[in-house]
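Just so you know, these numbers come straight off a predicted model, no measurement behind them. Residue numbers begin at 1 in each chain, while the letters A, B, ... track the order of the sequences.
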Amino acid sequence: MKTNILKYTLSLLVLVVMAVGCTKDFDEINTDPNRPKEVPTVNLISTAQRYLTDDIFDEWFSARQGLLWSQFWAQRNYTEEDRFIIRQNTNNTYWRLIYTDMMDLQNIINIASDPDRRAEINTYYGDADGQIAVANILKSYVFQLLVSTYGDIPYEEAFDAINNPTPAYSTQKVIFLDLFAKLKAAAEYLEASETTVFTSGDLMYNGDPAQWAKFANSLRLKLAIRLSKTTDPDLIAARDAAIDEASGNAFTSNADNAGVTYLGDGESNSPMYDGFYVARRNDFTVTANFVDLLKGINDTLNNKTNPFAGIEDPRLAIFVPKRGGVYRGMPYGIVNQNASALRSVTADLYNSQNLVAHADATVVWMDYAEVCFILSELNGWSQAHYEAGVAASLERWGAEGAADFIAALPAANAENVMTQKYIALYMNGYEAWAEYRRTGFPKSIIEIGEKTGPLSNGTVVTFGPETLAGNDMIPRRLTYPKQEYSINKDNVDAAAATIGGDTYNSKLIWDK
Amino acid sequence: MGIRANINDGRLSQTNINLKGRSHKYIKRAKNNNIEINFFSLNQCLTFQSPKTHTMRKFAMMLVLLIFAGVQVVLAQTTITGVVSSADDGQPIPGAAVQVKGTTIGVTTDVNGRYSLRVPADGKILEYRFVGMTTKEVTIGTQTVINIVLETEAMDIEGVVVTALGISREKKALGYAVEEVKADELNQTRSGNLITSLSGKVSGVNITSASGNMGGSSRITIRGIKSVSGNNQPLFVVDGVAMDNSNYNTTDTQRGAGGVDYGNMANDINPDDIESVSVLKGPTAAALYGSRAANGVILITTKKAKAGKKGLGVEVNSSVSFEQVSLLPTYQNQYGGGYVYTGEGTDQGFALQEINGVNYRVIDYALDESWGPKYDPNIQTLSAFDIFDWEANGKQGNPNTTPWVAPEKDVEDFFETGVVFNNNFAITGTNESSAFRMSYTNYDLKGYMPNSTQNRNSINFNGESQVSKWVKGFVGVNYVNTYTLGRPETGYDDNNIMQKFNQWGQRQLDMGVMSNYVNPDGTQRVWNRSSWDDPTPAYSDNPYWTRYRNYQDDERNRLFGNVGILLTPMEGLSIQGKWNLDYYSLVEMERNSMGSQAQSSYDENRREFMETNAEVIATYSFKATEALSVNLMAGANNRHKEYQRMTSNTNGGLIIPELYKITNSINKPTVAEYEDAKEVQSVFGSVNFGYLGMLYLDATYRSDWSSTIKPYRFYYPSVTMSFVFSELNALKDNNVLSFGKIRAGIAKSGNDTDPYNNDYYYTYVSNFGSQANYSISTTLNNKDLKPESTNSFELGTELMFFSNRVGLDFTYYNESTTNQILAVAVSAASGYGFKFINSGEITNKGIEIGLNLTPIKTSSFSWNINANFTKNTNEVVDLAPDLKVYQLVNGPFAVSVNAEVGLPYGSLIGSSYVKDAEGNIIVDTDGYTLVGATKSIGTVLPDFLLGVWNRFNFKGLELSALVDYREGGQLFSTTSMWGRYSGILEETAATNYNGKNVRDPLEDGGGALFEGVYGEVKDDGTIQYLDAEGNPSDVPVANTTLIDAESWGGWHYSGPAEANVFDATYVKLRELRLSYTLPSKWTGPVQNLAVSAFGRNLAIWGEDIKHIDPENTTGSGNIQGIEGGALPSLRYFGFGLNFNF
């Protein structure tokens, strides 16, 4: 009896074990029901365009960095970043977001290069080779921004996390040369193509290969002008070839501008709107020196002449809201206490819901005006391109009175063209900052040691960071993110040595 | 309880001891001159006693002598007769020992509990003993009939403990450390939270609770941190049901960046229903749980009724307690908000504003700092509220003004006295074959924060029925409903009012004035107006508005329990089949009202969780030889887990004010769904050998197949042994050592991973119009993930001296966890933010000491000291090739929390001071501390922990005091950083070495000082001392350069992060309790009527940072050590009443 019970029991146990011991469902159980393993490329291109725009042109990376260092904007309180006390976390996040945003572009290239998936793309979603070209154009834009911000950066070894989580840094020269090559290939392919690149999802050009080709050529001009002073023969050759091939094939009107028009539907608001109105950070306003430049007022504090003295820019009323009946900017680079005292009298971008902070704003990566000013410079400060650039900018911003204004402007020369280019680059702080570093224009930018003010009590102070960071001029580059030192140390150390030290003062290869 | 040995034939039979009132299986064996009862119980019922201590052994030996030798024949003069019965049920106790004290003369009672004993002339006292009952002594005097009622001994029976899988084992047979906490010890101060209640009571355990955070997280780790990125919380098991202890707090909440702390799910366990808690401290004890065992197990046994005693019982536990703010920062009380303005258009530091021809001194409303003018009752200012009154009045005439003075009602007046009612009512019903216990508990809290309440209703039912001779059924069901309203927002968050009080605000604000927070038109009355003519809030809401308008609420329904059957077909064999369920649903609702500083919004998170376990266990016990006993166990388990989440948020603001529905959204609401599933299948078994009650050897084995890991199968073995050396003949019967044992064990356990980490996926991110945006995940998954593996070794000893008056329990352990599953940060240039790898090793080595002392023990007074000491040394030995630092999280500002090779887990990395070899901080000649390298500037783990518990008992009056001491570990304080930056904290208006206020002008001797010595860092990295003029100096020269107070405050943000790192050492008077149990003669049918007064967190000493409580957490996860906006620390005190009948 006892043995029987034991026997039955053991058999029962064996049965139970066999019943539970079945792992054939495990693959199904461990397949994520929430996420697809594959998506069409049209769902990646919109992601890349939207999030790169969000991350480059938002309240953090633009308003607290590029727009400050180009002195379009100042903070009305907590002015640390105005004084180059840079939040390392912002820098870490910036780097991380920009690169990981580009991974979606890299995946478009990977998918469109995959022999198993090209047919699907060509049948349903556009043109696989065109998509590779477009992804390369967008990557090139971002890389020229990064290379002009940091200097040497991971490029050749980037985007290969499985095999290489610690990519080495490529030199600026290598990157520029490859960007020229990539853009040339893209431009030539797209110029020849008549196939819609993306059947949907392209927020910039709706899949039009001709417009993408123009953008590629405009970018080639942007790269070329950045290298205006290079002495490296390889770079000179690539640059001059690009100028030759691209000059006549770049943007020809504001309709060609590269940018993302937001929907303002809450889910897809422009990044500045989200910063100002959703996050409620209304800490930013335009600087006094920029307002004075637009007003045509000389900088009496620093005895600097406004090249457009006596001419009020029609864009003043668009860029700067009135406060108390006057256009008034914030003295740049003053300490918190002084800024706070002035807050209530400076231009209020928040309550006025300035154009640039509209929920459905168009955020422009590159516009026709910029191309005109580049062409002016390439053609010995050509007057025609200069005037076309000013007209294009006024048109883009919806300013009235272009003809009168242009007629009143002094003739094209380095300062005038570069200063108009600066004004036209409003809201593209990184580009304006790069061009200031390259050319030293506009003169309205206050260098360390110059005067800024007046404060609320009428006094004028000297602009200079306190005891920090060893800045003795406006930063020539952004230092590498701290996080690279903890996770990619050998490579960032090597890059720092190559560029002459990871400081704010190390000049990039194209710097003046 | 009544345990009866039925002794019919004069000797203990091999087959059956009838345990009346119980139906457990057990093994009994008699050997030599000793008796040992080795209980082996499969389910959660415990509370058997076996002879363990020296005294008990002597008694047992005597019992055996009596049985085998029969009644001693001695010269006798008197014959005493009587009946021994149980106080429990009045039934007679057969087999009870009656002995003449100081002699070997004695008898045992018969089946009817009767005895008859001849007592010699010199016999004065009779002793009555029975297993599980308290021994009684009676002076004979002239009596010839003595009837005795024996009381059940308290449940505190150290002999048997609950071990893995709910198996009750003799403690002396265990080759590993297990510590048990009983109901009365656990629930002394009725905190309502199980984890909090364990604080300071168990060695090897590190508990961090968030005081001031209603229903917030409590974190418990056992023997250190084992997993770099995975779960480090122990497994919670209630009556065999694995209880989910998830923490759904956002990373922002945990890193101090702000959010609501919803607590961890183990908070649902109702302390009032707990009978005992067994802490299985390491893999050696927990190996049978396999891939969930690495972090130890908290095994909870709930109260149950036992079949056998016919009748109905009632138990009542009631308490009321109060919570009060006990710790707030020390604020400066001399200067108000804003800045001091000078020059044209200002007066006495204020800007002037003309309204209707009158010049007013306006406060810098939009600035949330307190560097404003010094208070002066003669200065009249135009406060924000003056303007609101004037505006409400249609701007008739001119506004009133307010004197510039310190607030009459300051921050402390914002808080209320919280009240907690905790009522527990339980009934038990029993008959010969069945029993049930049903309990209802209501925990009702009105918090110290305005507009905060929590209400928890728990229902617990346990029942069992012996349906036939060898079949028993049992069921346990728990239902818990918790509704919480107004949890305090934590961390650096705009809705955390502490951030506004302590980090960004104006000091002159009066709570009496602020409490009127709404204008007649419904808009907010906020001190932080954008400007005098713009009432929109600039950065802050009125704190009352925050609490009453921007509150959250949440509700959780939880059902857990089991149903099963226990078969005992033959002697020694039992088979149990059981199905366990743990299910909950949780809804969290957060709001931002229209008119707040932030955009109005409503967010809703719904979560559902379910885990089921089907389990079969068979055990077979037998004696291989007379001396060798064997227990065999084999089982199988199927665990299935499912989780779902639905989060929805309004977008672009609300349409209709105060209507908190997702559909009330200006733009299309954002909705996100998520679900996952996981299954683990297991087989396991164990074999235990016991030799002569002296030497024990256990081996266990478990194999898990987990759906989240491929290939699926992993196994977890353990071998442990225990040697009770006091059983050796040479050591028996000595007066010093009453018990001695050494134990050793090795084991392997694991920690697997979450679902879907081993394949590549795209994630939906948002829509752009009709275009769906997908993106590759920023974490690169790994197809070859393996579980983490912990190998552990432990060695320990248990010693008791002087008849158990001194007890020592010592453990040394050494654990190594390898194959760490790490989502390592990779250079983002690789296209990903993180990458899953299996790499690295963490070791934990440590000692645990438990010390029990009974310095005084008389019949009416006892003093008991229980001390436990925990020292764990944690080291991150290795991460991955080329990876020296693994970042757990970046703080919102200056530091990150990391695992760094060569350091203990949780190193705070940030910019350091520059220090010389003597540790002097180097200061430049301008008086500022130098900013040194970014490196580890603190660690979150403590050096050691000590809990000391003193208990005094005098005739039913009991006083107990628990002191909890934590030494070492650091935290980064955001409160300190911003509170100094913004001129709020006391030190921003302190007195300097000139006797001047630091805010006085430098030329008048004012200014603040950084302690340190002058110096600079030379190019070669060495330090050159300087004098005050900047000339090189051979010796350190102390800094005397004062800097203006605002710059000093600001330097805590701009300068070295190390300035905000503080030691987390503290000593706390954790629990204090005075109770009195009324003698039963006064209480009639009511028994154990006790009244008590208790307090919790009554005092703190030894802290490095005075502004906040160093014990601080906003999550039970791995992210610790960053204080983002500490809530005030609370003290609790209350009164309790409990009784039963």
By a 4.5 Å heavy-atom criterion (distance strictly below it), what part of [X] contacts chain A: side chain, backbone, both, or neither?
{"X": "B:Y981", "value": "side chain"}
{"X": "B:S777", "value": "side chain"}
{"X": "B:S531", "value": "side chain"}
{"X": "B:S596", "value": "backbone"}
{"X": "B:N890", "value": "side chain"}

For [X] versus [Y], what's the shortest heavy-atom pair and its separation?
{"X": "B:Y1053", "Y": "A:R87", "value": "OH-CG, 3.8 Å"}
{"X": "A:E267", "Y": "B:Y764", "value": "OE2-OH, 3.9 Å"}
{"X": "B:S707", "Y": "A:I29", "value": "OG-CG2, 3.7 Å"}
{"X": "B:E675", "Y": "A:N34", "value": "O-ND2, 2.6 Å"}
{"X": "A:T100", "Y": "B:G833", "value": "CG2-N, 3.8 Å"}
{"X": "A:N89", "Y": "B:G891", "value": "ND2-O, 3.1 Å"}

Within the structure provided, determine whether [X] and [Y] are in side-chain contact (heavy-atom separation under 4.5 Å).
{"X": "B:P755", "Y": "A:D32", "answer": "no"}
{"X": "B:V826", "Y": "A:T166", "answer": "no"}
{"X": "B:Y539", "Y": "A:D283", "answer": "yes"}

Handout entry: Ion pair check, A:D265 and B:K668, cut-off under 4.0 Å
Key = no

Find the one option among [options] whose heavy-atom pairs under 4.5 Å with chain B are most numerous.
{"options": "A:Y350, A:Y51, A:Y99", "value": "A:Y99"}
{"options": "A:L97, A:V42, A:L203", "value": "A:L203"}
{"options": "A:A158, A:A48, A:A359, A:S46", "value": "A:S46"}

Would you give the length of the straight line joining atom [atom1] of [X] to atom [atom2] of [Y], rounded to the nearest 0.5 angstrom?
{"X": "B:Y674", "Y": "A:R35", "atom1": "OH", "atom2": "CZ", "result": "7.0 Å"}
{"X": "B:N782", "Y": "A:I162", "atom1": "CG", "atom2": "CD1", "result": "9.0 Å"}
{"X": "B:E344", "Y": "A:T459", "atom1": "CD", "atom2": "OG1", "result": "11.0 Å"}
{"X": "B:Q887", "Y": "A:Q483", "atom1": "CD", "atom2": "CD", "result": "5.0 Å"}
{"X": "A:I487", "Y": "B:F834", "atom1": "CD1", "atom2": "CZ", "result": "8.0 Å"}
{"X": "A:D160", "Y": "B:S830", "atom1": "CG", "atom2": "OG", "result": "8.5 Å"}

Under 3.5 Å, is there a donor on one side chain and an acceptor on the other for [X] and [Y]?
{"X": "B:T708", "Y": "A:N30", "answer": "no"}
{"X": "B:T778", "Y": "A:R96", "answer": "no"}
{"X": "A:N43", "Y": "B:N773", "answer": "no"}
{"X": "A:T31", "Y": "B:D759", "answer": "no"}

